[in-house]
Protein chains: 2
Amino acid sequence: MDLDVRRLRVLHEVALRGSVTAAAAALHVTPSAVSQQLVQLSREAGHELVERAGRGIVLTPAGQVLATHAKDVLGAVEQAVAGLAALHRRVSGTVRVGAFASAAGALVAPAAARARAKHPELDVRVIEAEDQQSRLDLRSGTLDVVVLQEYDHVPAPLVDDLDRHPITTDPMHLVTPVGWRRGTGRLSELRDVPWIASAEHTPCLGSTLHACRLAGFEPDIRHRSVDFALTLDLVAAGLGAALVPELALRHVPPGVHVQPLAEPVTARRIFAVTRALGGAPQRPAVDALLTELSGPAGVPRGHLPPVLA
Amino acid sequence: MDLDVRRLRVLHEVALRGSVTAAAAALHVTPSAVSQQLVQLSREAGHELVERAGRGIVLTPAGQVLATHAKDVLGAVEQAVAGLAALHRRVSGTVRVGAFASAAGALVAPAAARARAKHPELDVRVIEAEDQQSRLDLRSGTLDVVVLQEYDHVPAPLVDDLDRHPITTDPMHLVTPVGWRRGTGRLSELRDVPWIASAEHTPCLGSTLHACRLAGFEPDIRHRSVDFALTLDLVAAGLGAALVPELALRHVPPGVHVQPLAEPVTARRIFAVTRALGGAPQRPAVDALLTELSGPAGVPRGHLPPVLA
DNA sequence: AGATCCATGTAGCTACGCTACAACAGCGAT
DNA sequence: ATCGCTGTTGTAGCGTAGCTACATGGATCT
């Protein structure tokens with residue numbers, strides 16, 4: 001019996017994403033194909049691997065066992081590929097990087113440019129993706145590197161076998177309309193103004209709330225935006241104050257006043273995550289990108305708005 | 001890129017056996033198929049994996065690297081299969097055992113019978129095979145268990161990641177025609193008689209030579225036989241003396257006198273070998289057979305010839 | 001109940017891998 | 001050198017496995 005890698009990958013995706021449809025999407029095939037592969041695989045395995053649960057499916061115990069082993073097999077295959085890549089004297093191949101918008105623009109894009117300049121055969125692809133999604137894609141192999149953020153008060157634990165590579169710490173800045181009287185950068189001076197914050201269940205909103213509560217008040221959040229460019233526009237329109245991380249301040253519209261937080265109670269740590277290859281070294285291509293991401297260049301200070309520089 | 005298990009297995013076999021033809025035979029396909037798979041695999045790998053060397057081929061460095069990783073992948077797949085098999089409450093599946101002739105008849109066959117009696121769904125297959133061949137087949141996965149012998153003076157080192165399971169120690173016996181005057185079982189009494197021994201380059205011949213030299217003489221080897229049944233027939237015909245391991249003495253023809261060696265200078269250790277699964281437990285089916293092989297029953301004393309019982 | 005979502009069957013097409021045969025290259029012998 | 005044996009590689013053709021597109025059948029929500 002041989003347990004095709006293909007089929008094991010299907011099971012792995014199903015285990016990871018919890019549904020045939022999601023796995024099919026990740027694998028760029030139709031749900032029908034995934035379903036057929038599961039049937040075939042369970043025939044080979046001699047056990048039912050999934051069973052219907054309401055509208056979806058769940059893995060049977062046998063399915064979970066095999067999924068665990070599938071992860072090992074896929075890891076071994078990946079190490080084989082990495083071993084081959086390491087034979088090339090030149091850094092080459094494709095690295096897929098997932099990052100949230102502000103990091104993608106401010107950190108990953110320049111790093112990718114530097115990496116490509118150094119290694120012409122390196123193909124870096126940047127995919128904007130949100131936290132949970134990108135973790136799944138990393139573990140499934142769709143992405144090779146994921147850039148995540150972590151707010152001080154909300155540690156984001158790294159499940160299972162992922163490696164963490166620190167990049168930088170991104171301080172939050174206080175953003176207000178220029179029309180407002182200038183403060184000292186103390187949050188408590190802004191207890192009675194309208195606020196602009198991110199959507200529910202986002203770490204950024206949590207960060208704002210946390211900072212304001214530490215300053216002794218509950219912010220009056222009037223507007224919500226997950227896009228910092230929009231947030232800045234809202235501030236420019238005089239609609240409220242906001243806390244914005246430095247990396248999102250590369251293009252500040254007129255009419256916005258930016259100042260560092262007097263009490264740097266909140267900052268987000270930004271770090272890259274890769275699949276741990278069981279002690280084996282990463283692919284040279286991945287290493288090259290990680291070097292640029294966390295290298296001395298770090299945050300391109302030259303790109304910061306004048307008010308901060 | 002996905003590096004099909006199938007292809008990796010092809011490379012693994014080629015690496016193990018050193019030729020396309022041998023690998024093809026082991027995989028039960030034509031050499032053409034193996035050759036095509038190698039071409040395809042090297043295309044995927046981005047490196048030449050084999051190159052012609054005279055009439056045959058050798059692996060390139062890249063080929064060796066990938067072959068090593070291939071072993072890991074195949075090991076992971078095997079562990080996955082083992083994990084599935086362990087889910088069955090009953091011991092089932094197929095176990096292929098390779099053994100040299102005398103052990104196969106005296107040890108493996110009864111053990112297989114006992115195992116099958118205990119576990120009706122267990123399918124034990126016994127394949128007679130010689131030492132080097134069976135080691136290759138074990139490492140390639142063609143065999144699951146191999147029974148090997150090791151003479152005291154010729155330790156047989158176990159390369160790489162194989163597990164060793166002691167079975168028994170098989171003492172050598174002195175075999176002479178009944179027409180000869182009875183000795184005390186001391187080898188030195190037979191320094192001037194003709195001898196029957198095994199072929200060149202066999203451990204059994206080495207054992208005989210070793211024992212005789214310890215007794216202070218060089219045996220006058222007149223006849224050669226690798227088959228102990230033939231050896232006994234030659235002895236029965238009065239052609240010479242021989243040293244024969246106990247396990248080969250289940251069917252002693254008339255006219256042969258068997259006695260234990262007065263000085264038990266030579267004995268062969270018999271042991272089973274399995275692929276080490278990197279710390280993971282063996283398959284239940286393999287475990288069941290190993291239990292019977294090395295269990296309390298051990299050598300079936302009841303089957304020994306009367307002269308020894 | 002109707003609408004919707006999700007998983008699973010079925011028909012048909014494509015593509016991959018195998019066999020059989022042929023060609024070619026190295027090594028040894030007469 | 002020539003012939004023959006052995007071993008690897010190329011080519012044509014066939015069988016099968018896996019995919020898509022579409023249809024079917026449950027389960028959930030409104």
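Lettering of chains follows the sequences in order, A, B, ..., and the numbering in each one begins at 1. Since the model is a prediction, treat every value here as computed from it, not as a measurement.
Each of A:A53 and A:V10 lies near DNA chain D, and the nucleotide nearest A:V10 is the one positioned closer to the 5' end. When each of A:Q40 and B:P31 is assigned the nucleotide of DNA chain D with its nearest heavy atom, B:P31 is the one assigned upstream, toward the 5' end.
Salt bridge absent: B:R96 and B:D137 never bring a charged side-chain N and a carboxylate O closer than 4.0 Å. Looking at B:R125 and B:D123, a side-chain N of the basic residue comes within less than 4.0 Å of a carboxylate O on the acidic one, giving a salt bridge.
Between the CD atom of B:Q36 and the P atom of C:dA15 there is a distance of 18 Å, given to the nearest Å. Atom-to-atom, CD1 of B:I57 to P of C:dG26 comes out at 15 Å; the value is rounded to the nearest Å. Separating the CZ atom of A:R17 from the P atom of C:dC6 is a distance of 15 Å, rounded to the nearest angstrom. If you measure from atom CG of A:L38 to atom P of C:dT8, you get 7 Å, rounded to the nearest angstrom. Look at CG on A:L11: it is 14 Å from P on C:dA7, rounded to the nearest Å. Here the C1' atom of nucleotide C:dA15 and the CZ atom of A:R6 are 10 Å apart, to the nearest Å. What separates CZ of B:R43 from C1' of C:dG17 is a distance of 14 Å, to the nearest Å. Put simply, CG on A:L27 is 14 Å from P on D:dG18, counting in whole angstrom units.
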Test side-chain contact (heavy atoms from CB on, under 4.5 Å) on B:L84 and B:L87 and set out the steps. CA-CA 5 Å; B:L84 283 174; B:L87 288 174; 4.2 Å; yes

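Ranking C:dT19, D:dT20, C:dT8 by closeness to the A:V50 side chain, first place goes to C:dT8. Listed nucleotides D:dT20, D:dT8, C:dC18 differ in distance to A:A33; the shortest reach to its side chain belongs to D:dT20. Which of D:dT20, D:dG7, C:dT19 sits closest to the side chain of B:T30 comes down to C:dT19. Distances were taken from every side-chain heavy atom of A:S35 (C-beta onward) to each of D:dT8, D:dT20, C:dT8; the shortest belongs to C:dT8.
The heavy-atom pair separating A:E44 from A:L3 by the smallest distance is OE1-CD2, 3.8 Å. In terms of heavy atoms, A:L11 sits closest to A:A67 at CD2-N, 3.6 Å.
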Listing time: all N or O pairs from protein to nucleotides 24-26 of chain D that are below 3.5 Å?
none

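Between D:dC19 and A:Q37, a contact under 4.0 Å exists linking OP1 or OP2 to a side-chain N or O. Taking side-chain N and O atoms only, A:R7 has a distance below 4.0 Å to OP1 or OP2 of D:dG18. Regarding contacts with the backbone of D:dT20, every side-chain N or O of A:S32 stays at 4.0 angstrom or more from both OP1 and OP2.
When A:R275, A:R139, A:R283 are each tested for a salt bridge (charged side-chain N to carboxylate O under 4.0 Å, His left out) with A:E78, only one passes: A:R275.
Between the side chain of A:T60 and the backbone N or O of A:E48 there is at least one donor-acceptor pair closer than 3.5 Å.
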